[in-house]
Amino acid sequence: RSYNDLFLKLPDLKQNTASIVKKAKASGQPVVVLQRSEVAAVLLDPDYYKVLEQALEDLEDLRDIELRKDEPTISMDQYLKKRFGKNPLK
């Protein structure tokens with residue numbers, strides 16, 4: 001696949017939607033749709049999109065952990081006693 005195949009103009013997408021979607025899915029590579037030389041959309045294989053979503057969620061979780069690393073903590077036993085009045089796991 002050439003570099004030019006990764007970019008296409010909106011009229012091309014309108015005319016060849018099914019074949020372009022099929023190619024994008026088969027290649028696993030994103031296809032950038034241009035409108036007036038500006039990026040209007042990006043077509044992604046659904047599996048690749050799911051991987052990107054999961055990676056973003058993981059990064060957000062890591063950021064949250066980093067932001068909270070200096071906060072005071074309690075043990076699980078203490079939490080369960082506070083939450084339920086006793087530890088239901090014992």
Side-chain angles (χ1 to χ4, degrees):
R1 187 171 191 170
S2 73
Y3 183 75
N4 288 337
D5 289 342
L6 300 176
F7 295 88
L8 60 94
K9 295 177 182 174
L10 188 57
D12 296 332
L13 178 62
K14 288 179 180 178
Q15 292 174 358
N16 304 304
T17 305
S19 66
I20 290 168
V21 169
K22 185 178 178 181
K23 285 179 185 178
K25 186 170 171 110
S27 73
Q29 296 294 314
V31 175
V32 178
V33 180
L34 302 174
Q35 183 177 27
R36 297 187 183 112
S37 300
E38 296 288 329
V39 175
V42 178
L43 299 174
L44 297 174
D45 171 71
D47 292 333
Y48 184 63
Y49 179 75
K50 288 177 191 173
V51 167
L52 290 176
E53 273 189 319
Q54 187 61 52
L56 181 58
E57 286 179 26
D58 291 347
L59 286 173
E60 289 171 345
D61 291 345
L62 290 171
R63 181 203 60 213
D64 291 343
I65 290 167
E66 182 65 24
L67 290 173
R68 291 180 173 89
K69 71 179 180 181
D70 295 326
E71 291 181 5
T73 61
I74 62 172
S75 69
M76 179 60 88
D77 190 53
Q78 290 171 317
Y79 167 76
L80 292 172
K81 285 179 184 175
K82 184 177 178 181
R83 176 80 167 92
F84 299 107
K86 65 177 185 168
N87 185 339
L89 301 176
K90 289 186 176 182

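If you're wondering where the values come from, they're calculated on a predicted model, not measured in any experiment. Positions are given from 1 along the sequence.
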Original post:
Between Val31 and Val51, is there a shared hydrophobic cluster once you connect ILVMFWY residues whose side-chain heavy atoms come closer than 4.5 Å?
Top reply: no

Original post:
Do Phe84 and Met76 share a hydrophobic cluster, counting only Ile, Leu, Val, Met, Phe, Trp and Tyr and linking them when any side-chain heavy atoms are less than 4.5 Å apart?
Top reply: yes

Subject >> Partner of Leu43 by side chain to side chain contact (heavy atoms under 4.5 Å, CB included), out of Val32, Leu8, Ile20 >> reply: Ile20

Find the distance between [atom1] ([X]) and [atom2] ([Y]) and round it off to the nearest 0.5 Å.
X	Y	atom1	atom2	answer
Leu80	Gln78	CG	CD	10.5 Å
Arg36	Leu34	CZ	CG	12.5 Å
Glu66	Leu59	CD	CG	12.5 Å
Asp47	Lys25	CG	NZ	6.0 Å
Glu71	Ile65	CD	CD1	12.0 Å
Arg63	Arg68	CZ	CZ	8.5 Å

**OP:** Indicate the atoms forming the closest heavy-atom contact of Gly28 with Asp45, along with that distance.
**Re:** CA-CB, 4.1 Å

Subject >> Heavy-atom closest contact (Leu44 atom, Pro30 atom, distance) >> reply: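 Heavy-atom minimum between the residues: CD2-CB, 3.3 Å.
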
Original post:
More than 12 non-hydrogen atoms from neighbouring residues, nucleotides or ligands closer than 6.0 Å to CD on Glu38, yes or no?
Top reply: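 It does not: Glu38 CD has 12 such atoms or fewer within range.
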
